[in-house]
Amino acid sequence: MTHDPYDVPTPPPALGTVVEEGRGSLPFALIHGEALVACASWALGDAGVLPVDVGTEWAGIVESGEPYVLHDALCPMTPAAFIAECVAAAVETGSVVVGVRPVTDTAKRIDGDEVGATVDRAELLAVVSPIVLPAAVVAAIDGLPTLDFADLVTQLRGQFPLDLREAPASAARVRDADDVRLLEALTSPQ
């Protein structure tokens, strides 16, 4: 599905946070002349999500009765329309909605100290942004157990239904300066 950044549906009310903790200095690298964390914050706001600080008391988030959106600063070009679509899906289905991308790197199995067989990439997905916790899930947990998105999804998987949504290529998670340059080229206006 192609997402037009100027055609953002109006999602139900939601609170959200751009997560930059534990990501080193990369969230402050520049893409299109702006910090990654700023771009991610704008996308969250453009999606109609009310931003709250990662340090906000969990009880206040629960009390709001709204879904809670986590947006990774290392996925700065995630389209606002995709975030809004994920919020709407979480409200509609009651599932935790997770943005994912296909894995393109070669993955190997590890057996002790030995490198084993290549894993079929068709079986793998990379967690990107957003992760949307519906209000019932927010109320059912005592807070976020981790800000590592892949670990969070693993911990939530056994407790709550998950809705994995393929995110557009522009939602890719950057790992280093080379990835930032590649994402900038991918998202440059034609």
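In this text, all values refer to a predicted model and were calculated from it rather than measured experimentally.
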pair I83-S129: side-chain heavy atoms closer than 4.5 Å
no
Nearest-0.5 Å distance that lies between atom CZ in R165 and atom CD in E85
5.5 Å
Taking atom CD of E92 as the centre, report whether more than 12 heavy atoms of other residues, nucleotides or ligands fall under 6.0 Å from it.
no
Tell me whether V37 is reachable from V69 by hopping between hydrophobic residues (I, L, V, M, F, W, Y) whose side-chain heavy atoms are closer than 4.5 Å.
yes
With a 4.5 Å cut-off on side-chain heavy atoms, are P76 and L183 touching?
yes
Taking all non-hydrogen atoms of both residues into account, name the closest pair between A80 and A47 and its distance.
O-CB, 3.4 Å
Are any non-hydrogen side-chain atoms of I141 and L133 less than 4.5 angstrom apart?
yes
Do L162 and V91 belong together in a cluster built from hydrophobic side chains that touch within less than 4.5 Å?
no
With a 4.5 Å cut-off on side-chain heavy-atom distances among I, L, V, M, F, W and Y, is there a chain of contacts connecting V18 to V97?
yes
Between L26 and V180, is any pair of side-chain heavy atoms under 4.5 Å apart?
yes
Non-hydrogen side-chain atoms of V98 and F149 separated by less than 4.5 Å:
no
Hey, what do you get for CG (L15) to CG (D53), rounding to the nearest 0.5 Å?
12.5 Å
Under 4.5 Å between any side-chain heavy atoms of V100 and V153, yes or no?
no
For the atom pair OG (S95) and CG (L164), what is the distance rounded to the nearest 0.5 Å?
9.5 Å
Is there side-chain contact between Y68 and V52, with at least one heavy-atom pair below 4.5 Å?
yes
Is the side chain of T146 donor-acceptor paired with the backbone N or O of L152 at a distance under 3.5 Å, no angle test?
no
CG/D151 to CG/L144 distance, rounded to the nearest 0.5 angstrom?
12.5 Å
For R173, which of D179, D72, T78 qualifies under side chain to side chain donor-acceptor pair (under 3.5 Å)?
D72
S170 side chain reached by P79 side chain, heavy atoms, under 4.5 Å:
yes
Does L147 belong to the same Ile/Leu/Val/Met/Phe/Trp/Tyr cluster as V96, with side-chain heavy atoms less than 4.5 Å apart forming each link?
yes
Taking all atoms of both residues into account, what is the closest heavy-atom pair of P168 and R101, and its distance?
O-CD, 3.4 Å
Is it the case that over 12 heavy atoms from other parts of the model lie below 6.0 angstrom from the CG atom of D178?
yes
With the 4.5 Å side-chain cut-off for hydrophobic clustering, are L50 and V137 part of the same group?
yes
When rounded to the nearest 0.5 Å, the distance separating SG of C86 from NE2 of H71 is 10.5 Å
